[in-house]
J.: 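For reference, the structure I am asking about is given below.
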Amino acid sequence: MLEKLRERVLKANLDLVKYNLVLFTWGNVSEIDRESGLIAIKPSGVSYEKMTVDDIVIVDIDGKKVWGKLNPSSDTPTHLEIYKALPKVGGVCHTHSTFATAFAQAGRKIPLYGTTHADYFYKDIPVTRTLRESEVKNDYEKNTGIVISEIFTELDPVALPAVLVKNHGPFTFGENAAKAAFHAAVLEEVAKMATISEKINSALLPAPQYIADKHYLRKHGPNAYYGQKE
């Protein structure tokens, strides 16, 4: 079932290893087929070294398994809430990459300090509120998706395809699984740069908005000119 979708999701999950974003089984990527409403996602607790396309699980938008022998990722309810709330999102990635997770644990947004950040994320990387005790005890993973969704009631997940869940770690988005994994790699590098920059200059201020505008819009704006035309 949906073999091409499962192949893309397998590759995106393996990309996390290639990008040095995961240890052991710490992370997951999914992609939704909006036409059918079905989602392909990494199986729970399966090592990347052993994972095959037949291990990728298919679930529906309510989390019911419709294909596969293995259990889907324990974070599946989080992915589902994101897909429900953000119709522009086609892929979701979650990691515990070191620097982005450090900002999440500190409960700090990642300020837009420079052009590398602005090339892919139009604003500061936001951080969610802390989950309440009742939200952790009941439907924890679903409520994680809900607090992420709250952040994007006034933000565009296309222009800002990343968020930090406080005390937890980063989630990134994209039009598909590959782009979500790519944004996870960029986010980790941006978080690393921000950490180093703050150590070099403790009085560092975010970049002016006009620099953010220039670098984001030259890649993603209506008159974008970066790269080659197809």
Side-chain angles (χ1 to χ4, degrees), residues 9 13 16 21-32 34 37-46 57-66 70-111 121 123-174 177 180-181 183-184 187-188 190-191:
V9 169
N13 276 281
L16 300 186
L21 298 177
V22 294
L23 289 172
F24 311 118
T25 61
W26 303 355
N28 41 74
V29 188
S30 70
E31 182 176 323
I32 186 170
R34 288 287 181 184
L38 298 177
I39 298 101
I41 193 165
K42 176 183 177 288
S44 179
V46 174
V57 185
I58 302 288
V59 300
D60 66 18
I61 196 65
D62 296 315
K64 180 182 177 181
K65 185 168 69 172
V66 298
L70 303 176
N71 293 326
S73 167
S74 58
D75 289 315
T76 296
T78 305
H79 290 237
L80 298 181
E81 289 304 313
I82 293 169
Y83 288 129
K84 290 176 185 177
L86 306 177
K88 294 180 181 179
V89 170
V92 175
C93 176
H94 170 52
T95 76
H96 290 260
S97 62
T98 304
F99 284 86
T101 299
F103 271 91
Q105 291 181 168
R108 278 196 57 198
K109 66 182 180 181
I110 304 175
F121 309 111
K123 298 177 181 292
D124 298 344
I125 307 301
V127 61
T128 70
R129 64 174 174 82
T130 302
L131 272 78
R132 304 179 185 94
E133 185 175 2
S134 60
E135 293 172 322
V136 172
K137 288 183 175 180
N138 300 290
D139 294 322
Y140 168 60
E141 290 83 6
K142 177 179 179 178
N143 288 323
T144 299
I146 289 173
V147 298
I148 290 172
S149 302
E150 290 173 358
I151 288 284
F152 287 93
T153 55
E154 298 180 358
L155 294 172
D156 181 359
V158 175
L160 187 58
V163 63
L164 307 176
V165 177
K166 190 176 179 183
N167 309 121
H168 188 173
F171 283 79
T172 54
F173 320 126
H183 286 141
L187 176 65
E188 176 63 8
V190 164

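In this chain, residues are counted from 1 in sequence order.
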J.: With a 6.0 Å cut-off (strictly less than), is the heavy-atom count around NZ of K109, excluding the residue itself, greater than 12?
T.: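 Result for NZ/K109: open.
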J.: Where the side chain of D62 meets the backbone of K64, is there a donor-acceptor pair that is under 3.5 Å apart?
T.: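 The answer is no, because no donor-acceptor pair under 3.5 Å joins these two groups.
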J.: Between the side chain of T78 and the main-chain N/O of E141, is any donor-acceptor distance below 3.5 Å?
T.: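 Yes, the answer is positive, given that a donor and an acceptor are paired below the 3.5 Å cut-off.
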J.: Inspect the surroundings of NZ in K88 and state if more than 12 heavy atoms from other residues, nucleotides or ligands are less than 6.0 Å away.
T.: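 Atom NZ in K88 is not crowded, with 12 or fewer foreign heavy atoms closer than 6.0 Å.
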J.: Check the orientation of F152 and F173. Use parallel for under 30°, tilted for 30 to 60°, and perpendicular for over 60°.
T.: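 Aromatic pair F152/F173 classed perpendicular.
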J.: Any Lys/Arg nitrogen of D75 or K42 sitting under 4.0 Å from an Asp/Glu carboxylate oxygen of the other?
T.: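 Between K42 and D75 there is no salt bridge, as every charged N stays at least 4.0 Å from the carboxylate O atoms.
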J.: Kindly indicate whether the side chain of I61, heavy atoms from C-beta on, has any atom under 4.5 Å from the side chain of I32.
T.: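 Yes, their side chains come closer than 4.5 Å.
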J.: Okay, side chain of R129, backbone of I151: is any donor-acceptor separation there less than 3.5 Å?
T.: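 Flag not set: sc R129 to bb I151 has no pair under 3.5 Å.
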J.: Are L131 and T144 packed together at the side-chain level, in the sense that at least one heavy-atom pair is separated by less than 4.5 angstrom?
T.: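 In contact.
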J.: Closest approach of I39 and L80, non-hydrogen atoms and distance?
T.: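 For I39 versus L80, the nearest heavy atoms are CD1-CD2, 3.6 Å.
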J.: With a 4.5 Å limit on heavy-atom distance, are the side chains of P126 and L155 in contact?
T.: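 Sidechains of L155 and P126: in contact.
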J.: When rounded to the nearest 0.5 angstrom, what distance separates OG1 in T101 from CG in L21?
T.: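 Atom-to-atom, T101:OG1 and L21:CG are 9.5 Å apart.
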J.: Pairing donors with acceptors under 3.5 angstrom, does anything connect the side chains of T130 and K166?
T.: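 Looking only at side-chain atoms, K166 and T130 do form a donor-acceptor pair, the distance falling under 3.5 Å.
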J.: Of the non-hydrogen atoms in T95 and P170, which two are nearest, and what is the gap between them?
T.: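 Result for this residue pair: O-CD, 3.2 Å.
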J.: So, do T172 and P161 sit near enough that their side-chain heavy atoms are less than 4.5 Å apart?
T.: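 They are not in side-chain contact.
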J.: Any chance the side chains of H94 and H79 put a donor and an acceptor closer than 3.5 Å?
T.: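 Judged by distance alone, the side chains do not pair up.
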J.: Which atom names give the shortest non-hydrogen contact between L164 and A100, and what distance separates them?
T.: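 Looking at all heavy atoms of both residues, the closest pair is CD2-O, 3.8 Å.
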J.: What do the steps show when you test I148 against E81 for side-chain contact (heavy atoms from CB on, under 4.5 Å), and what is the final call?
T.: CA-CA 9 Å; I148 290 172; E81 289 304 313; over 6 Å; no
J.: Passes side-chain contact (heavy atoms from CB on, under 4.5 Å), Y83 versus V89? Steps please.
T.: CA-CA 6 Å; Y83 288 129; V89 170; 4.0 Å; yes
J.: Has D139 got a side-chain atom pairing as donor or acceptor with N143's backbone, closer than 3.5 angstrom?
T.: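 No: the side chain of D139 does not pair with the backbone of N143.
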J.: Which heavy-atom pair separates A191 from F103 by the least distance, and what is that distance?
T.: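 Shortest heavy-atom separation between A191 and F103 comes out as O-CE1, 3.5 Å.
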J.: Might you point out which heavy atoms bring C93 and V29 nearest each other, and give the distance in Å?
T.: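 Smallest heavy-atom distance, with atoms named: SG-CG2, 3.9 Å.
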J.: To the closest 0.5 Å, what do you measure between CD (Q105) and CG (N167)?
T.: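 Going from the CD atom of Q105 to the CG atom of N167 covers 8.0 Å.
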J.: Using the side-chain contact (heavy atoms from CB on, under 4.5 Å) rule, take I125 and L160 through it: C-alpha gap first, then chi angles, then the decisive distance, then the call.
T.: CA-CA 7 Å; I125 307 301; L160 187 58; 3.9 Å; yes
J.: Taking E188 for the side chain and F99 for the main chain, is one N or O donor matched with an acceptor at less than 3.5 Å?
T.: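 Pair found, side chain donor or acceptor close to backbone of F99.
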J.: Do H96 and H168 pass the side-chain contact (heavy atoms from CB on, under 4.5 Å) test, and can you show the C-alpha distance, the side-chain angles, and the key distance before you say yes or no?
T.: CA-CA 8 Å; H96 290 260; H168 188 173; 3.5 Å; yes
J.: Tell me the closest heavy-atom pair linking G107 and V127, and the distance in Å.
T.: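 Scanning both residues completely, I find the closest heavy atoms to be O-CG1, 3.7 Å.
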J.: I need the S30 OG to I82 CD1 distance, nearest 0.5 Å.
T.: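 One gets 8.0 Å once the value is rounded to the nearest 0.5 Å.
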